[in-house]
Amino acid sequence: MSLILAKIRFWLLDITYQVVGREPQILIWGITEDNRRVLLIDRSFRPYFYVLPREGADISKLKSKIKALSVARSPITSVEEVSKKYFGKPVKVLKVVTVIPDQVPKYREEIKKFPEVKEVLEADIRFSMRYLIDYQLKPSSWHEAEVVKYDKKTNIRVDEVYYVKPPIKPINIIKEPPLRKLAFDIECYNPRGSPSPERDPVIIVSTYSSSEGLKQFVAKNHDDKGVLESFVKYVQEQDPDIIIGYNSNRFDWPYLIERGKRLGIKINVGRTGAEPNPSVYGHISVMGRANVDLYDFAEEVYEVKVKTLENIADYLGVMPKNKRVLIEWYEMPKYWDDPSKRPLFLKYGADDVISTYGLGEKFLPFAIQLSSITGLPLDQVGAASVGYRVEWYLMREAYLANELIPNRVERPYESYRGAIVLEPKKGVHENIAVLDFSSMYPNIMIKYNISPDTYIPPDEEEPPEGAWVAPEIGHRFRKEPPGFFKRVLETLLKLRKQVREGMKKYSPESPEYRILDERQKALKVLANAMYGYQGWVGARWYCKPAAEATTAWGRQTIKKAMEFARKLGLEVIYGDTDSIFVKYDKEKVEKLIKMVQEELGFEIKIDKIYVRVFFTEAKKRYAGLLPDGRIDIVGFEAVRGDWADIAKEVQEKVMEIILKEGSVDKAVEYVRKVIRDLREGKIPISKLIIWKTISKKLEEYEVEAPHVAVAKKMVEMGLKVSVGMKIGYVITKGSGRLADKAVPYFAAKIEDIDANYYIEKQVIPAVARVLAYFGITEKELKATTVKSQRTLFDFFR
DNA sequence: GCCTTGAAGTTACCG
DNA sequence: ACCGGTAACTTCAAGGCG
């Protein structure tokens with residue numbers, strides 16, 4: 001080994017650890033400035049945790065008791081008293097250092113039993129994450145390190161292996177390295193329903209990369225040995241940094257691995273000899289690469305209700321549905337077995353993988369920013385839920401503030417009061433401004449210093465600095481010093497402001513602009529999730545009084561704003577949580593904005609202006625016409641995923657006719673036409689499908705709702721139904737419960753459709769919700785004769 | 001035994 | 001595995017009626 005120290009700059013792709021002999025080693029996978037793939041090994045880091053003694057405990061006795069636990073395979077190398085803070089209060093804790101990470105939970109369990117010990121803290125933080133936190137390294141960001149070349153030959157697939165001399169230092173560079181990305185997608189032979197790896201071969205593996213484009217591996221009839229082997233070889237040759245899939249954590253990878261086991265083929269696609277393996281948050285880890293499942297990000301595209309690859313790619317303009325090959329899963333065996341159809345199947349696989357790659361281009365910049373901000377490695381950040389993303393950010397901040405990280409404890413669920421929603425003034429209103437509080441909850445938390453560490457329990461006296469007292473519920477929070485959450489929120493908001501400021505230096509087309517834009521979005525998501533986090537029973541920093549106080553102040557704030565509006569003579573039409581709908585009187589609205597700013601200390605903004613907006617008596621549902629002619633539909637069936645397309649379409653159209661043209665009769669006429677078409681079987685099945693999610697195991701349902709009954713039928717047909725899956729069904733003619741008449745959409749014929757159900761229970765309820773307000777009865781909708789011309793305006797004179 | 005009614009279960013939305 | 005508030009559907013069992 002040469003001893004020449006060199007300085008390198010690298011982008012942190014992934015981090016893991018291994019134990020070699022009795023030495024733990026941190027492995028950092030990176031990409032250097034000059035485009036080399038490197039592995040950095042840090043042999044100097046050791047696992048540790050803290051012991052919080054009970055008050056009055058004999059510290060030196062405790063120390064020696066802990067030391068006495070030391071075992072040879074992973075000795076306790078030091079027990080030292082250090083000063084930390086716990087929920088803002090200074091505490092003395094014992095820092096216990098050992099050698100082998102796996103030994104930490106064992107020590108924790110034994111130490112917990114000592115009567116002198118109140119709590120063992122930070123013993124559940126994974127070794128590699130501990131490293132990131134302690135050196136404040138950020139995945140998906142640039143760093144600088146002093147390294148020594150590791151000269152011996154290894155079978156690790158990188159350009160260079162180094163020993164690193166800590167500390168590695170983060171550096172601030174905006175650009176991304178030239179990442180090698182490879183998208184992949186598998187197709188399986190499935191003549192008996194859902195494919196199973198014990199039985200059904202992988203017939204096509206499609207891949208796409210920017211350098212090589214499309215490359216497919218195809219089975220010889222039902223022999224897929226070659227497919228797996230050549231795919232693995234191809235990944236190794238291409239050596240991608242990021243492997244992109246769609247639902248790959250739950251399907252493609254587990255299938256390939258299980259299939260590989262059957263065939264005796266090792267799916268060793270990583271940068272070491274290891275196979276991909278299941279890891280935290282349900283993601284599959286590929287050593288030395290970032291395995292990213294885009295499904296995690298597609299889940300946040302709420303406009304798309306059935307989140308198939310085709311639908312998401314279509315919606316985001318990555319690949320329009322009408323420009324690609326679409327094959328339903330039940331037709332696949334046919335396309336495979338028929339030589340004349342097989343090319344089309346291959347094209348289908350190609351379109352899928354090209355869509356996946358395209359979605360990667362859409363989602364990865366955000367994923368990278370989220371990873372860099374939260375500190376979660378790129379392959380985990382998508383799979384981690386919002387709560388964990390927030391938590392990782394908090395844990396890093398806690399370290400910086402010398403705060404101990406609380407343990408995760410199991411608690412029973414507790415509810416508390418939330419926001420207020422106003423009863424809307426029903427009917428049609430013209431020229432309405434929607435005013436929104438900007439980041440209401442974060443700003444409330446900042447203003448009233450709401451945080452787990454500033455909360456004053458009822459039995460404690462008020463501190464001399466004074467306290468903020470929440471309305472209605474009376475929870476108190478000390479005014480000084482600034483609490484943990486306040487500091488974190490201020491940092492997040494400040495950072496976001498800086499990033500948005502920084503964006504101005506670049507043209508909107510530049511990569512820097514795009515990166516910064518994704519970054520500010522990620523910061524916003526994080527800030528907005530802080531309120532929900534504190535009320536989450538699974539949170540380390542769970543604090544119900546804090547959550548409860550936040551909503552209480554929220555209610556007070558919006559109520560005051562509404563009072564101001566009324567005082568100014570502005571009629572309040574509606575309001576929900578942090579928004580109020582008022583008549584758009586420009587001067588008065590400007591006054592209101594000023595008043596709220598000056599008297600309440602919060603910013604409100606005009607979010608949008610409706611030329612015309614319609615409310616029924618229901619809360620959380622309205623439809624408005626925007627100045628540019630677009631129709632905004634909120635809450636109604638038209639924006640819900642669990643109504644048949646035909647009902648949604650008709651409702652939307654009716655809203656449009658009413659809001660734009662004001663013609664009730666035209667709307668009625670249109671509805672009648674659709675009802676006729678339904679009776680005559682002219683509406684295709686695709687518009688009749690109702691999609692509903694299976695939210696728990698089938699046997700756990702207490703009521704057999706239609707989608708549950710259909711799911712059970714699907715299981716009988718040999719299909720896998722898993723939690724989280726959307727079931728598409730249609731209602732057919734017959735008697736009994738709806739559940740008895742519901743069948744999977746792919747198993748229905750148009751002649752069997754129960755038109756009556758779609759008329760009575762889908763189309764009519766959806767449109768009657770709107771038209772009933774204009775005096776139209778269900779009878780009139782079903783009637784065939786037309787009455788005199790009426791318009792919207794006849795009803796509001 | 002049939003019909004009505006309301007509670008309970010369930011889903012997906014809003015902010 | 002972030003929160004509560006809300007609308008609306010279907011099932012299911014209880015109660016009323018004959």
Side-chain angles (χ1 to χ4, degrees), chain A residues 280-282 300 302-303 305-306 383-391 393-394 408 410-411 413-424 434 436-441 445 525-544 546-548 550-552 554-555 558 574-581 607 616-622 632-644 647-648 690-696 700-709 723-724 726-727 729 731 736-742 757 760-762 765-766 768-769:
Chain A
V280 281
Y281 315 123
E300 279 153 49
Y302 50 88
E303 294 90 340
K305 313 293 173 179
V306 183
S385 69
V386 176
Y388 290 115
R389 292 177 195 168
V390 170
E391 193 149 275
Y393 183 81
L394 289 175
R408 194 177 291 293
E410 241 181 282
R411 308 181 177 86
Y413 166 77
E414 300 173 286
S415 72
Y416 61 89
R417 265 184 80 193
I420 42 170
V421 188
L422 289 201
E423 208 74 57
V434 181
D436 269 0
F437 279 83
S438 319
S439 305
M440 188 199 237
Y441 285 164
M445 290 167 70
V525 167
L526 228 49
N528 286 341
M530 284 285 294
Y531 149 70
Y533 174 83
Q534 64 184 352
W536 171 40
V537 288
R540 287 177 190 268
W541 278 277
Y542 172 66
C543 184
K544 187 187 154 190
E548 206 167 24
T550 306
T551 57
R555 293 192 296 272
I558 193 166
Y574 177 65
D576 183 351
T577 313
D578 62 351
S579 69
I580 47 177
F581 291 51
D607 180 42
T616 66
E617 53 285 303
K619 295 170 174 180
K620 296 190 181 278
R621 299 188 147 203
Y622 54 90
D632 223 4
I633 300 181
V634 179
F636 280 112
E637 287 75 5
V639 295
R640 292 181 63 100
D642 57 349
W643 282 71
K648 295 167 61 171
I690 295 160
W691 294 93
K692 273 200 164 80
T693 306
I694 292 295
S695 62
K696 50 187 164 188
E700 283 168 11
Y701 277 97
E702 292 180 55
V703 174
E704 195 171 64
H707 72 296
V708 179
V723 174
K726 277 229 158 66
I727 302 290
Y729 64 88
I731 302 299
R737 310 172 305 170
L738 273 186
D740 300 317
K741 303 194 287 177
Y757 169 80
E760 299 283 345
K761 302 286 181 181
Q762 290 278 326
R769 207 94 61 209

Whether A:W541 and A:Y533 hold their rings parallel, tilted or perpendicular, with breakpoints at 30° and 60°: tilted
Contact under 4.0 Å: A:K619 side-chain N or O vs C:dT6 OP1/OP2: yes
Presence of salt bridge, A:E548 and A:R555, under 4.0 angstrom: no
Non-hydrogen atoms of A:K305 and A:Y302 that approach each other most closely: NZ-O, 3.4 Å
Nearest-0.5 Å distance that lies between atom NZ in A:K619 and atom CD1 in A:I420: 9.5 Å
Sugar-phosphate, base or nothing in reach of A:V639, heavy atoms under 4.0 Å: sugar-phosphate
Touch class at under 4.0 angstrom, heavy-atom based, for A:A419 against every strand present: sugar-phosphate
Separation of atom NZ in A:K620 from atom C1' in C:dC3, rounded to whole Å: 11 Å
Distance, rounded to the nearest Å, where A:D576 contributes CG and C:dT6 contributes P: 8 Å
Whole-Å distance separating the OH atom of A:Y622 from the P atom of C:dT6: 15 Å
Rounded distance in Å - CD (A:E617) to P (C:dA7): 10 Å
Sugar-phosphate only, base, or nothing, as touched by A:K741 at under 4.0 Å among non-hydrogen atoms: nothing
Euclidean distance, A:R621 CZ relative to A:F636 CZ, rounded to 0.5 Å: 6.5 Å
Atom-to-atom span, OH of A:Y388 to P of C:dC3 - whole angstrom: 11 Å
Between C:dC2 (C1') and A:Y281 (OH): distance, integer Å: 14 Å
Polar atom pairs between nucleotides 9-15 of chain C and protein, under 3.5 Å, N or O only, would you list them?
unit_1: C:dT11; atom_1: OP1; unit_2: A:L738; atom_2: N; d: 3.0
unit_1: C:dT11; atom_1: OP1; unit_2: A:A739; atom_2: N; d: 2.8
unit_1: C:dC12; atom_1: OP2; unit_2: A:R737; atom_2: NH1; d: 3.1

Sugar-phosphate only, base, or nothing, as touched by A:S415 at under 4.0 Å among non-hydrogen atoms: sugar-phosphate
Sugar-phosphate, base or nothing in reach of A:K696, heavy atoms under 4.0 Å: sugar-phosphate
Sugar-phosphate, base or nothing in reach of A:V634, heavy atoms under 4.0 Å: sugar-phosphate
Sugar-phosphate, base or nothing in reach of A:E548, heavy atoms under 4.0 Å: nothing
Atom-to-atom span, CD1 of A:I420 to C1' of C:dT6 - whole angstrom: 14 Å
Close aromatic pair by centroid cut-off 6.0 Å: A:W536 and A:Y531: no
Nucleotide range of DNA chain B lying under 4.0 Å from chain A heavy atoms: B:dG9 to B:dG15
Sugar-phosphate only, base, or nothing, as touched by A:F636 at under 4.0 Å among non-hydrogen atoms: nothing
Nearest-neighbour nucleotide for the A:Y416 side chain, C:dC3, C:dC2, C:dA7 considered: C:dC3
Nearest-0.5 Å distance, CD of residue A:E637 to NZ of residue A:K648: 10.5 Å
Sugar-phosphate, base or nothing in reach of A:R389, heavy atoms under 4.0 Å: nothing
Note: A:R540-A:E391 ion pair, threshold 4.0 Å (strictly below): yes
A:S385 side-chain N/O to C:dC2 phosphate OP1/OP2 under 4.0 Å: yes
Sugar-phosphate only, base, or nothing, as touched by A:T551 at under 4.0 Å among non-hydrogen atoms: nothing
Touch class at under 4.0 angstrom, heavy-atom based, for A:Y413 against every strand present: sugar-phosphate
Under-4.0 Å salt bridge between A:K620 and A:D576: yes
Sugar-phosphate only, base, or nothing, as touched by A:G535 at under 4.0 Å among non-hydrogen atoms: sugar-phosphate
Touch class at under 4.0 angstrom, heavy-atom based, for A:Y574 against every strand present: nothing
Rounded distance (Å) that lies between atom P of C:dG5 and atom CZ of A:R621: 18 Å
Mutual orientation of the aromatic rings belonging to A:Y281 and A:Y388 [parallel < 30°, tilted 30-60°, perpendicular > 60°]: tilted
Sugar-phosphate only, base, or nothing, as touched by A:G532 at under 4.0 Å among non-hydrogen atoms: base
Donor + acceptor pair across side chains of A:Y441, A:Q534 (<3.5 Å): no
